[in-house]
Structures are given as C-alpha cells and as structure tokens.
Amino acid sequence: MSTVITNIGELVTNDPAVGDGLGIVRDAALVMDGGTVAWTGPASAAPAADASFDAAGRAVLPGFVDSHAHLVFAGERAEEFAARMSGRKYAAGGIRTTVERTRAASDDDLRANLRRLIDEMARQGTTTVECKSGYGLTVDQEERAVRIAAELADEVTYLGAHVVPAGWDAAAYTHLAATEMLSACAPHARWVDVFCEEGAFDPDQTREILQAGMKAGLSPRLHANQLTQGPAVRLAVELDAASADHCTFLSDADVDALASSRTVATLLPGVEFSTRQPYPDARRLLDAGATVALATDCNPGSCYSSSMAFCVAVAVRDMRMTPAEAVWSATAGGARALRRTDVGRLAPGARADVHVLDAPSHIHLAYRPGVPQTAAVWKAGCRV
C-alpha cells in the first residue's frame, strides 16, 4: 500500500541532487510504496496514493541512523555514573561489571532488553541501529550476543575485543578473539571492531583481530582515540575501516588521515556528557574535509542514552557543529559509517524511513533540547 505525506513544511532529503547540505524542499510531499520512497517534491505536484498523512506544516527528516550502540547487556551502572559525577575518572575497566551481569542473564532477558531499547530508539526517530557484542568475552557468550543482536538490530558488530577479561593474558585473549571466538561469531555479524586504547587492546593486538576478521569476511570499524591520543585512528584509515569511533583526542596527522580517506569519524557526544571527558572537536574535522557521523554509543556504562536528538543538540552546543551539519551527521553521516546507501536520505529508491518532527524545522532539534519532538515515524514504510 502506498502512502503520501502531504503538507510538509520542510522536507530534509539529504539528496545531493536537490542541493547542498540537507537538500531541503519546502511545502513538500513524499510518497512511500512497498517499503521505499517512491516520490518527493512540491506538495502541489504530489501523485495520488492509497493512504495519506497530513504533516500539518511540520518538518520531515530521514530516520536517524545510530551507527554505534552496545545494546546486548544486562543490568545497569547508575552508581558508577554517580561516582563519576562525584569526581571518579572514567576508565575502560568498568566494562567488566556489565560482563558479569550479562553472562548471568538468560537469552530471553537479553532479548527483551534489546527489544526495549530498539523500540525506545524508534519512538525517538531512530530507524537504523548498529549493535555490538562485547559483554560476554567467552566464545559461547559472544556468539550468543551477536546471534541475539542479529534477530532485532539492522547491523551487527562482533566486539569480542572490548576488554581483556579478568584472569586472561592479553596475548592469549587476543589470539582467542582472532580465532575460535571470531569463527563462532562471524556468521551472525557484518562488522568486526576492537577497543584500541590503554587498558584494552594495543595497536598490534588490534591489527591481529581486525585482519583476522577481514579474512573471515567481516568489515572493520574501530574504537579509536577515546581516552588518549595514539595510533588507532591512523590504523583505522590504513585498514579502510568504515569508521573510527570516538575520535576525542586527535593529532593533526589523525585529522589529515581521516580527511584523505573514506573512514568516517563517528563522534559520540553522549559519552563525553556522561563521563566529563573533553568533547571531540567536530569543527576541526569538518573544516579539514573529514566525514563526520553522530551516534549515541548507548550502553549501561559510559552513556545510557538512546536519544539521537540529544546527541544533535550537544554536538551543536559543545562541538561547534551547525544544526544542519549535526542533522546530516545523525542521518546521512551514520549511513556512511555503515556504508549504506539505502538509509539516511529521503529520495526515490531509498528505504522509507521517515521521521516527522513536531516542529517546523530541523533546527528545533538543537533549539529545543530535551523536549520530545517526534510526531510520527515510519520504518521501511511501516508506521512505528
């Protein structure tokens, strides 16, 4: 069944054919048919459809593309957050707390929590979600995580190399993550990721796991330069990773490497908000010509927020992005970070992922932070 959305005050298409930036069409309409966008253009020229929805002058955007999230877990870490707000420094080791709780949870419990979070995201306009493993850290537990993630998430990433579990030698665990664990998880995943950071995996260990993943048919992405400046970003570029995520501490060489590559710098402002780390400098990356994405990094430790709208607002307020740049990065930028062309835009042939704001312009996402602004959502042409 086809549906026409009429009376759109501002349609954000992200279509380069429409113009630079957001490809905005005013006084617009959009037709969905068979799960894809069939037509966009002036409302006065809209073709007939089986059903209609009156946008009443509201803005319509592509659904948010959240290209970095850790959603297969059990428990929460509110007390850790409170301690951090009282002055305790964030460190990678807190992951182990969630590992213990996740291992003890049933499949049904993990599945229910994953479904709850993806539904929560959808109600806020997020229609594409990447989900990582990384809270199991044994062969069986990591396989379970990616298998459950594959049931509900759009994109699945094997992150067995999230942190070295207690009782393991780093070299021995690296070998496990690059061999037996990888073999068990690869059938359920598209991506392989490593947390390359002090307290997690060093560059040589990271390279070993990523190259093994690539040999197994997975594409690389990388947690890079979150807590310290180091070689992770340049390693991501060297391996043609789809994204280098976090990018909080960058050298000039890191910025130049990203700008001269197709590796997307995925920035996660909710993490800095929740850990009181410095925000990444999006302006520096954008001015250099790098492609930037925004994502939530929703997880129970360093950022328990599923709100892409919140990330847009923080990016504008604290990372020197314009509202248009932040919205593009939360939609088309996320699609680039997943190497997807069917999402993050609203043009004929794209997946009909539609986010109707309860506002007249995309600017309101940053202008009215913390205010619910989602009026309606369609994913692949189905109303959420």
Side-chain angles (χ1 to χ4, degrees), residues 68 70 72-73 75 77 80 88-104 132-146 156-186 188-189 191-216 218-239 241 243-251 254 268 271 275 277 297 299-302:
H68 185 128
H70 304 252
V72 181
F73 65 86
R77 284 151 59 188
E80 177 187 314
R88 191 174 80 189
K89 186 178 179 180
Y90 174 72
I95 292 165
R96 295 185 181 94
T97 302
T98 299
V99 169
E100 293 174 6
R101 294 169 182 170
T102 302
R103 287 176 177 177
K132 304 178 190 298
S133 67
Y135 293 127
L137 308 187
T138 68
V139 173
D140 290 345
Q141 291 283 347
E142 284 295 300
E143 188 277 337
R144 176 172 78 142
V146 291
V156 178
T157 299
Y158 162 58
L159 181 63
H162 201 183
V163 70
V164 178
W168 275 85
D169 170 77
Y173 185 76
T174 296
H175 178 73
L176 179 72
T179 55
E180 183 183 353
M181 186 182 288
L182 170 65
S183 296
C185 293
H188 306 290
W191 305 98
V192 57
D193 195 349
V194 177
F195 188 8
C196 185
E197 188 56 78
E198 290 184 5
F201 295 85
D202 69 26
D204 290 340
Q205 294 161 349
T206 299
R207 182 189 297 276
E208 179 181 344
I209 295 165
L210 291 182
Q211 288 184 332
M214 293 164 70
K215 186 175 288 189
L218 304 182
S219 297
R221 51 200 323 109
L222 188 58
H223 283 61
N225 296 48
Q226 177 185 357
L227 305 176
T228 58
Q229 192 176 112
V233 163
R234 277 163 285 163
L235 177 59
V237 171
E238 175 194 333
L239 296 178
S243 65
D245 297 20
H246 289 288
C247 293
T248 309
F249 296 95
L250 299 180
S251 66
D254 295 329
L268 310 166
V271 173
T275 61
Q277 292 282 103
D297 195 8
N299 73 85
S302 59

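Being a predicted model, the structure only gives us computed values, none of them experimental.
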J.: Check whether Asp245 reaches the backbone of His223 with its side chain - one donor and one acceptor, N or O, closer than 3.5 Å.
T.: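 Looks like no, no N/O pair under 3.5 Å.
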J.: Can you check whether Leu218 reaches Trp191 side chain to side chain, under 4.5 Å on heavy atoms?
T.: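 Not in contact.
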J.: Is any side-chain heavy atom of Ile95 less than 4.5 Å from a side-chain heavy atom of Tyr135?
T.: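 Ile95 reaches Tyr135 side chain to side chain.
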J.: Please tell me if the side chains of Met214 and Pro220 come closer than 4.5 Å, counting only heavy atoms from C-beta onward.
T.: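 Met214 reaches Pro220 side chain to side chain.
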J.: Go through Arg221 and Leu210 one step at a time and tell me if the side chain to side chain contact (heavy atoms under 4.5 Å, CB included) criterion holds.
T.: CA-CA 8 Å; Arg221 51 200 323 109; Leu210 291 182; over 6 Å; no
J.: Please tell me if the side chains of Asp254 and Phe249 come closer than 4.5 Å, counting only heavy atoms from C-beta onward.
T.: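 In short, these two side chains do not touch, never coming nearer than 4.5 Å.
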J.: Taking all non-hydrogen atoms of both residues, which atom of Tyr173 and which atom of Gly160 are closest, and how far apart?
T.: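 For Tyr173 versus Gly160, the nearest heavy atoms are OH-O, 2.7 Å.
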J.: Using modelled atom types only, decide if a donor and an acceptor are shared between the side chain of Gln211 and the backbone of Glu208 within a distance under 3.5 Å.
T.: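 No; zero donor-acceptor contacts below 3.5 Å.
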J.: For Cys196 versus Ala232, what's the shortest heavy-atom pair and its separation?
T.: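 The answer is SG-CB, 3.8 Å.
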J.: Strictly by salt bridge (Lys or Arg N to Asp or Glu O under 4.0 Å), give each pair with a member in residues 132-146 just once, sequence neighbours left out.
T.: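 Output for this query lists Asp107-Arg144, Glu130-Lys132, Lys132-Asp193, Glu143-Arg147.
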J.: Looking only at atom types and distance, does a side-chain atom of His162 sit under 3.5 Å from a main-chain N or O of Gly134, one as donor and one as acceptor?
T.: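 Yes.
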J.: Judged by atom type as modelled, is there a donor-acceptor pair below 3.5 Å linking the side chain of Thr157 to the main-chain atoms of Val192?
T.: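 Checking the backbone N and O of Val192 against the side chain of Thr157, no donor-acceptor pair under 3.5 Å is found.
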J.: Check whether any side-chain heavy atom of Leu182 sits under 4.5 Å from a side-chain heavy atom of Cys185, and report yes or no.
T.: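 Sidechains of Cys185 and Leu182: no contact.
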J.: Out of Val233, Leu222, Asp297, which one pairs with His246 under the side-chain contact (heavy atoms from CB on, under 4.5 Å) rule?
T.: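 Among Val233, Leu222, Asp297, the one that satisfies the side-chain contact (heavy atoms from CB on, under 4.5 Å) with His246 is Asp297.
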J.: How far apart are the C-alpha atoms of Asn225 and Glu197, what are their side-chain angles, what is the distance that settles it, and do they pass the side chain to side chain contact (heavy atoms under 4.5 Å, CB included) test?
T.: CA-CA 7 Å; Asn225 296 48; Glu197 188 56 78; 5.5 Å; no
J.: To the nearest 0.5 Å, tell me how far Met181 CE sits from Tyr158 OH.
T.: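 Going from CE on Met181 over to OH on Tyr158, the span is 5.0 Å.
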J.: Determine whether Phe195 and Thr206 satisfy the following criterion, side chain to side chain contact (heavy atoms under 4.5 Å, CB included), listing intermediate values before the conclusion.
T.: CA-CA 8 Å; Phe195 188 8; Thr206 299; over 6 Å; no
J.: Tell me whether the count of non-hydrogen atoms from other residues, nucleotides or ligands lying under 6.0 Å of CD in Glu238 goes above 12.
T.: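 Yes, CD of Glu238 has more than 12 neighbouring heavy atoms, counting only those of other groups under 6.0 Å.
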J.: Is it true that the side chains of Thr98 and Arg77 contain a donor and an acceptor less than 3.5 Å apart?
T.: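 Short answer, yes.
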J.: Begin from the C-alpha positions of Leu268 and Gln226 and carry the test side chain to side chain contact (heavy atoms under 4.5 Å, CB included) through to its verdict.
T.: CA-CA 10 Å; Leu268 310 166; Gln226 177 185 357; over 6 Å; no
J.: Can you find a pair of side-chain heavy atoms, one from Arg234 and one from Val237, that are under 4.5 Å apart?
T.: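 Of all side-chain heavy-atom pairs linking Val237 with Arg234, none is under 4.5 Å.
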J.: Going by heavy atoms in the side chains, are Glu80 and Arg88 under 4.5 Å from each other?
T.: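 Glu80 vs Arg88: side chains touch.
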J.: To the nearest 0.5 Å, tell me how far Leu137 CG sits from Glu100 CD.
T.: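 Result: 11.0 Å between the selected atoms.
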J.: Do His70 and Leu159 come close enough that some side-chain heavy atom pair is under 4.5 Å?
T.: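 Yes, close enough: below the 4.5 Å cut-off.
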J.: Ignoring hydrogens, what is the shortest heavy-atom contact between Ala184 and Val139? Give both atom names and the distance.
T.: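 Here Ala184 and Val139 meet closest at CB-CG1, 3.9 Å.
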